[in-house]
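For reference, the structure is listed below as structure tokens.
Just so it is clear: chains get the letters A, B, ... in the order the sequence lines come, proteins before strands, and each one is counted from 1. FYI, side chains are in, hydrogens and waters are out, and symmetry mates aren't considered; it's all heavy atoms of this structure. Please read these numbers as outputs of a predicted model, since none were measured by experiment.
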2 protein chains.
Amino acid sequence: MGYSIGQVAKKTGLSVHTLRYYEKEGLLPFIRKTSSGLRVFSDDDINWLGMIECLKATGMPLKGIKQYIDWYHQGDSTLSQRLAMFQQQEQNIKAKMQELNTNLAKIQYKIRLYDAAVKQGSLDKAQQEPEFRAARLRLFGH
Amino acid sequence: MGYSIGQVAKKTGLSVHTLRYYEKEGLLPFIRKTSSGLRVFSDDDINWLGMIECLKATGMPLKGIKQYIDWYHQGDSTLSQRLAMFQQQEQNIKAKMQELNTNLAKIQYKIRLYDAAVKQGSLDKAQQEPEFRAARLRLFGH
DNA sequence: CCTTGACTTAGAGTATACTCTAGGTTTTAG
DNA sequence: CTAAAACCTAGAGTATACTCTAAGTCAAGG
């Protein structure tokens with residue numbers, strides 16, 4: 001039920017430095033401390049770290065995550081702000097996925113091109129092939 | 001055919017500061033300068049900036065992009081390194097897309113949950129509903 | 001010719017997110 | 001009881017990617 005900072009570091013893959021930094025930034029406001037000052041993480045705290053990872057991995061800065069935690073702290077009066085935040089984040093994720101898809105196509109063109117170039121020992125020769133000229137025009141517009 | 005740094009900034013959405021910074025970091029080694037020192041960007045340079053954006057948007061640090069440009073500069077002897085780099089980048093993109101998908105599902109759960117919470121005026125009440133308990137267990141494991 | 005705006009370099013400053021160090025305290029295993 | 005491992009705080013240092021400033025040069029319109 002109670003974990004030390006080192007145990008949490010192992011569990012989450014974050015360093016103890018990072019965990020202390022997150023607490024200092026207000027991202028872990030629920031952590032208890034023993035009378036002698038040692039942090040004691042609960043299962044709830046681990047779950048919070050999971051949510052922090054989720055928001056971080058989808059591009060939210062720590063300040064944005066802190067805002068969410070502050071709203072959570074303020075209780076049900078901030079439900080609509082939190083809903084709006086998640087809706088915005090959904091849009092951000094979808095836009096990022098779109099962008100990744102577009103750029104994946106460009107990278108995959110480069111893989112096909114360089115595959116041909118390696119086989120022929122020349123990038124110029126490969127680039128001259130009609131197949132690659134057409135794909136380049138379609139993907140890069142030149 | 002030749003563009004000033006200001007024209008390129010408008011074209012690409014990057015600032016003139018950023019363009020100079022990229023040149024300083026070795027990301028734009030082909031740019032010509034007039035006898036009086038002004039940068040003249042060619043269409044090829046604009047295309048390079050497009051590739052830089054593509055690699056940057058898919059998570060490659062500027063150092064990695066510089067490595068690619070250095071390999072390009074060295075000619076056909078580095079074709080296989082460049083191929084390997086693009087293949088690695090493809091894997092990175094696919095992993096990132098996977099991660100985004102997983103986290104999108106979590107965010108969308110939160111949207112459904114907060115939507116219900118806003119309607120009821122209480123997060124606790126919404127969280128108690130069997131539908132949300134089940135989804136939470138599936139997505140977050142708790 | 002002159003002013004205005006865009007350009008130049010070198011170097012300093014900023015934001016974000018860690019990451020580490022120093023010096024000290026607490027816990028745990030033998 | 002003691003030594004090693006793990007913990008603590010405060011604050012400094014690092015990496016990345018810009019972003020801006022100062023002081024000056026260049027180019028185009030009137």
Side-chain angles (χ1 to χ4, degrees), chain A residues 1-29 31-42 45-46 48-70 89 92 96 99, chain B residues 1-29 31-42 45-46 48-70 89 92 96 99:
Chain A
M1 270 294 120
Y3 309 95
S4 73
I5 195 167
Q7 287 172 318
V8 174
K10 268 189 195 145
K11 243 184 210 287
T12 62
L14 299 165
S15 74
V16 295
H17 296 301
T18 301
L19 288 168
R20 285 199 274 253
Y21 169 67
Y22 282 2
E23 196 201 10
K24 196 164 63 181
E25 294 301 305
L27 267 58
L28 300 167
I31 291 178
R32 308 227 167 273
K33 298 209 181 170
T34 65
S35 54
S36 59
L38 276 73
R39 286 172 188 81
V40 181
F41 289 72
S42 68
D45 295 326
I46 309 276
W48 266 108
L49 280 168
M51 197 64 222
I52 287 169
E53 279 308 290
C54 171
L55 292 170
K56 196 156 58 92
T58 54
M60 187 176 288
L62 296 191
K63 274 188 186 175
I65 300 173
K66 180 175 167 25
Q67 173 68 88
Y68 166 57
I69 289 167
D70 289 348
Q89 195 64 1
N92 295 348
K96 185 73 189 164
E99 195 188 18
Chain B
M1 274 293 119
Y3 309 95
S4 73
I5 195 166
Q7 287 172 318
V8 175
K10 268 190 196 147
K11 242 185 210 289
T12 61
L14 299 165
S15 73
V16 295
H17 296 299
T18 301
L19 288 167
R20 289 199 199 99
Y21 169 68
Y22 282 2
E23 195 201 10
K24 196 165 63 182
E25 294 300 305
L27 267 57
L28 300 167
I31 290 177
R32 309 226 166 273
K33 299 209 180 168
T34 64
S35 55
S36 58
L38 275 73
R39 287 172 188 80
V40 182
F41 289 72
S42 68
D45 295 324
I46 309 276
W48 267 109
L49 280 168
M51 197 64 223
I52 287 168
E53 278 308 290
C54 171
L55 291 170
K56 198 156 57 88
T58 54
M60 187 176 287
L62 297 190
K63 274 188 187 175
I65 300 173
K66 180 176 167 26
Q67 173 67 88
Y68 165 57
I69 288 166
D70 290 347
Q89 194 64 1
N92 295 348
K96 185 74 188 161
E99 195 189 17

Looking at [Y], is its backbone amide N or carbonyl O close enough to the side chain of [X] to form a donor-acceptor pair, meaning the two atoms are under 3.5 Å apart?
| X | Y | answer |
| --- | --- | --- |
| Q89(B) | T58(B) | yes |
| E25(A) | L62(A) | no |
| D70(A) | Q67(A) | no |

In whole angstroms, how far is the [atom2] atom of [N] from the [atom1] atom of [X]?
| X | N | atom1 | atom2 | result |
| --- | --- | --- | --- | --- |
| K33(B) | dC26(D) | NZ | C1' | 14 Å |
| Y21(A) | dT9(D) | OH | C1' | 17 Å |
| H17(A) | dT9(D) | NE2 | P | 13 Å |
| R20(A) | dG11(D) | CZ | P | 15 Å |

For DNA chain C, determine which residues of residues 54-65 of chain B have any heavy atom closer than 4.0 angstrom to one of its atoms, and list them numerically. none
Report the distance from atom [atom1] of [X] to atom [atom2] of [Y], rounding to the nearest 0.5 Å.
| X | Y | atom1 | atom2 | answer |
| --- | --- | --- | --- | --- |
| I65(B) | W48(B) | CD1 | CH2 | 10.5 Å |
| L27(A) | D45(A) | CG | CG | 12.0 Å |
| K66(A) | L55(A) | NZ | CG | 14.5 Å |
| M51(B) | L49(B) | CE | CG | 12.0 Å |

Want to settle it: does T34(B) or S15(B) sit nearer the 5' end of DNA chain D, counting the closest nucleotide to each?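 The residue whose closest nucleotide sits nearer the 5' end is S15(B).
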If you compare every side-chain N and O of R39(A) against the phosphate oxygens of dC7(D) (OP1, OP2), does one of them come in below 4.0 Å?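 It does not, given that no N or O in the side chain of R39(A) lies less than 4.0 Å from OP1 or OP2 of dC7(D).
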Does a side-chain N or O from S36(A) land closer than 4.0 Å to OP1 or OP2 of dC8(D), or not? no
Under 3.5 Å, which donor-acceptor pairs do the side chains of residues 5-12 of chain A form with other protein atoms, sequence neighbours left out?
{"unit_1": "Q7(A)", "atom_1": "OE1", "unit_2": "S4(A)", "atom_2": "N", "d": "2.9"}
{"unit_1": "T12(A)", "atom_1": "OG1", "unit_2": "V8(A)", "atom_2": "O", "d": "2.8"}
{"unit_1": "T12(A)", "atom_1": "OG1", "unit_2": "L14(A)", "atom_2": "N", "d": "3.2"}

At the 4.0 Å heavy-atom cut-off to chain A, mark where contacts on DNA chain C begin and end, going 5' to 3'.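 Span of nucleotides near chain A: dT16(C) to dT27(C).
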